[in-house]
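The structure appears below as structure tokens.
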Amino acid sequence: MDVSLLNADLHCHSDVSDGTLSPQALAARAKANGVELWSLTDHDEIGGQAAARDAARALGLPYLTGCEISVSFLDQTVHVVGLGFDADDTALRDGLAATRAGREQRAREMAAGLAQVGIKGAFEGALKYVGNPELISRTHFARFLVETGACRDTHEVFRRYLTEGKPGHVPHRWARLGDAVRWITAAGGVAVIAHPARYRFTPTEEYALFSEFVAHGGRGVEVVTGSHTTAEYATYAELALEFGLLASRGSDFHDPDESHTDLGALPDLPGRLTPVWAALAERVIRP
Ligand code: AMP
Ligand code: MN
Ligand code: MN
Ligand code: MN
């Protein structure tokens with residue numbers, strides 16, 4: 001079989017970060033949806049890895065360790081997915097802990113900003129949705145604002161309250177690009193630029209992101225993701241070829257109601273690309 005046709009889903013979130021399902025429930029959903037290679041990639045956190053791996057093994061589902069690291073690059077937040085690393089690696093664990101560390105203070109400042117426009121109690125409100133106290137995120141605030149009736153859905157919350165220039169937005173310094181790539185690669189994994197079409201870089205800035213990522217040892221880019229349009233699959237297939245990057249595929253699933261792309265429900269990678277899993281065969285945890 002053509003390896004690029006494997007139903008790999010290498011990007012999703014559990015309630016250990018800002019998803020709503022447990023790692024076990026995600027494993028079952030991935031299996032039921034026909035996923036053939038799976039990775040749980042929580043934001044800045046690998047606390048769900050053992051549960052995801054064990055659940056995948058019990059279901060006969062091949063698994064790769066995963067995470068999605070928040071990075072600051074040219075005044076924007078960029079996400080770097082790590083795949084196939086050793087989850088016991090100390091430098092990676094310390095790096096992720098440092099990346100998580102500012103989240104609580106940031107959340108308190110977000111709540112203060114929201115209070116100024118009349119939305120009270122947002123910190124406590126968001127906390128009700130948090131599964132992991134070290135990982136309070138904008139998504140948890142979004143769920144609270146939907147609950148209060150301030151907005152119809154989480155996308156509206158982001159647009160009106162949580163993005164740059166809006167009352168609940170707080171600029172934040174995440175990990176450095178080179179550090180995130182090195183934590184992943186030094187732990188035996190492959191670093192992948194997540195959903196590149198979501199960033200608002202100029203062509204020159206985007207070129208700088210890809211060049212510096214490769215210079216630091218990054219090897220992959222998400223081409224087929226729930227965050228890209230069909231036209232963007234083609235754009236980033238070209239960029240993958242230009243930079244000699246491996247191509248990844250992942251739904252970025254968070255929740256059955258909020259996410260428009262379910263686990264495993266993605267088109268195949270364009271055939272001329274080398275899938276990231278071709279370089280990770282030895283890192284796959286097989287049942
Ligand atoms: P944070 O790491 O706290 O900045 O939260 C980032 C998360 O917010 C992302 O991983 C998405 O899950 C979610 N998010 C970002 N932008 C949007 C949006 N426009 N609509 C819905 N969710 C979003
Ligand atoms: Mn998220
Ligand atoms: Mn992301
Ligand atoms: Mn994600």
Side-chain angles (χ1 to χ4, degrees), residues 9-21 26 38-46 48 66-73 75-83 96 99-111 113-114 122-123 126-127 129-146 151-166 168-175 180 191-200 209 220-222 224-228 248-263 266:
D9 193 327
L10 305 180
H11 189 150
C12 69
H13 300 272
S14 76
D15 57 5
V16 173
S17 65
D18 63 347
T20 56
L21 302 184
L26 285 170
W38 177 53
S39 181
L40 170 65
T41 56
D42 278 312
H43 296 285
D44 308 326
E45 174 65 273
I46 53 177
C67 65
E68 181 178 21
I69 305 180
S70 312
V71 161
S72 294
F73 185 81
D75 286 333
Q76 290 193 49
T77 300
V78 166
H79 286 168
V80 174
V81 164
L83 297 170
L96 293 174
T99 308
R100 288 194 296 276
R103 279 186 178 268
E104 180 178 337
Q105 180 57 31
R106 169 192 188 235
R108 292 189 186 281
E109 292 172 26
M110 286 170 60
L114 290 169
F123 182 78
L127 265 188
Y129 292 90
V130 168
N132 169 4
E134 286 187 33
L135 216 116
I136 182 163
S137 89
R138 286 186 292 163
T139 314
H140 302 114
F141 281 84
R143 291 184 185 132
F144 171 66
L145 266 69
V146 172
C151 295
R152 268 192 329 277
D153 59 32
T154 54
H155 298 286
E156 186 185 341
V157 183
F158 275 87
R159 196 172 66 246
R160 288 177 53 196
Y161 293 105
L162 300 181
T163 43
E164 176 111 43
K166 300 298 161 64
H169 186 262
V170 174
H172 194 72
R173 260 294 125 224
W174 301 108
V192 175
I193 299 175
H195 44 63
R198 287 244 302 260
Y199 312 128
R200 291 289 158 260
L209 170 66
V221 61
E222 285 184 347
V224 173
T225 122
S227 298
H228 284 182
S248 194
R249 176 178 187 269
S251 58
D252 208 354
F253 180 80
H254 285 69
D255 172 81
D257 296 320
E258 289 170 17
S259 300
H260 54 79
T261 306
D262 205 340
L263 283 160
L266 292 158

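Read the numbers this way: they start at 1 and go in the same order the structure lists the ligands and their atoms.
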- Message: Closer than 2.8 Å to the Mn ion (ligand 3): does that hold for any N, O or S atom in His43?
- Response: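 His43 does not place any N, O or S atom closer than 2.8 Å to the Mn ion (ligand 3).
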- Task: Name whichever N, O or S atom of Asp252 ends up nearest to the Mn ion (ligand 4).
- Result: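 The closest N, O or S atom of Asp252 to the Mn ion (ligand 4) is OD1.
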- Can you name the N, O or S atom of Glu68 that is closest to the Mn ion (ligand 4)?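 It is OE1, the N, O or S atom of Glu68 closest to the Mn ion (ligand 4).
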Close-contact set for ligand 1 against [X] heavy atoms, below 4.0 Å:
X	answer
His155	20 (N), 21 (C)
Arg103	1 (P), 2 (O), 3 (O)
Thr139	7 (C), 8 (O), 12 (O), 13 (C)

- Separation of Thr77 OG1 from Arg198 CZ (nearest 0.5 Å):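 Here the rounded value is 10.5 Å.
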- Euclidean distance, Leu114 CG relative to His169 NE2, rounded to 0.5 Å: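 Going from the NE2 atom of His169 to the CG atom of Leu114 covers 12.0 Å.
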- Query: So, the side chain of Thr41 versus the backbone of Gly66: is there a donor-acceptor pair under 3.5 Å, distance only?
  - Reply: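 No, the answer is negative, given that no donor and acceptor are paired below the 3.5 Å cut-off.
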- Message: For N/O/S atoms only: which one belongs to His79 and is nearest the Mn ion (ligand 3)?
- Response: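 This residue's closest N, O or S atom turns out to be ND1.
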- Residue part near ligand 1, for Arg159, under 4.0 Å between non-hydrogen atoms: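 None of Arg159 does.
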- Query: When you look for heavy atoms under 4.0 Å from ligand 1, do you find them on the side chain of Asp18, its backbone, both, or neither?
  - Reply: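 The side chain, only.
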- Message: Is there a side chain to side chain contact (heavy atoms under 4.5 Å, CB included) between His79 and Asp252? Walk through the geometry before answering.
- Response: CA-CA 12 Å; His79 286 168; Asp252 208 354; over 6 Å; no
- Message: If only side-chain N and O atoms count, and only distance matters, is there a donor-acceptor pair under 3.5 Å linking Ser137 with Thr139?
- Response: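 Ser137 and Thr139 do have a side-chain donor-acceptor pair below 3.5 Å.
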- Task: Would you tell me whether His195 and Glu68 have side-chain atoms, one donor and one acceptor, within less than 3.5 Å of each other?
- Result: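 Yes - a donor-acceptor pair under 3.5 Å links their side chains.
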- Query: For atom 19 (N) of ligand 1, what's the nearest protein heavy atom and its distance?
  - Reply: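 Checking every protein heavy atom, the shortest distance to atom 19 (N) of ligand 1 gives Phe158 CB, 3.5 Å.
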Looking only at distances, can you tell me whether any N or O atom of [X], backbone or side chain, sits closer than 3.5 Å to an N or O atom of ligand 1?
X	result
Arg138	yes
Arg106	yes
His254	yes

- Message: Quick check on the Mn ion (ligand 4): does His11 put an N/O/S atom closer than 2.8 Å to it?
- Response: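 Within the cut-off used here (under 2.8 Å), His11 does place an N, O or S atom near the Mn ion (ligand 4).
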- Query: Does the shortest distance from the Mn ion (ligand 4) to an N/O/S atom of Cys12 fall below 2.8 Å?
  - Reply: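 Checking the Mn ion (ligand 4) against Cys12, no N, O or S atom falls under 2.8 Å.
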- Applying side chain to side chain contact (heavy atoms under 4.5 Å, CB included), run through Val78 and Trp174 and close with a yes or a no. CA-CA 9 Å; Val78 166; Trp174 301 108; over 6 Å; no
- Query: Given the rule in the side-chain hydrogen bond (donor to acceptor under 3.5 Å, both in side chains) test, do His228 and Glu222 qualify, once you have shown the distances and angles that lead to the verdict?
  - Reply: CA-CA 9 Å; His228 284 182; Glu222 285 184 347; over 6 Å; no
- Do you know the tightest heavy-atom contact between Val157 and Cys151?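 Heavy-atom minimum between the residues: CG2-CB, 3.5 Å.
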- Arg143/Asp153 ion pair, N-O < 4.0 Å: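 No.
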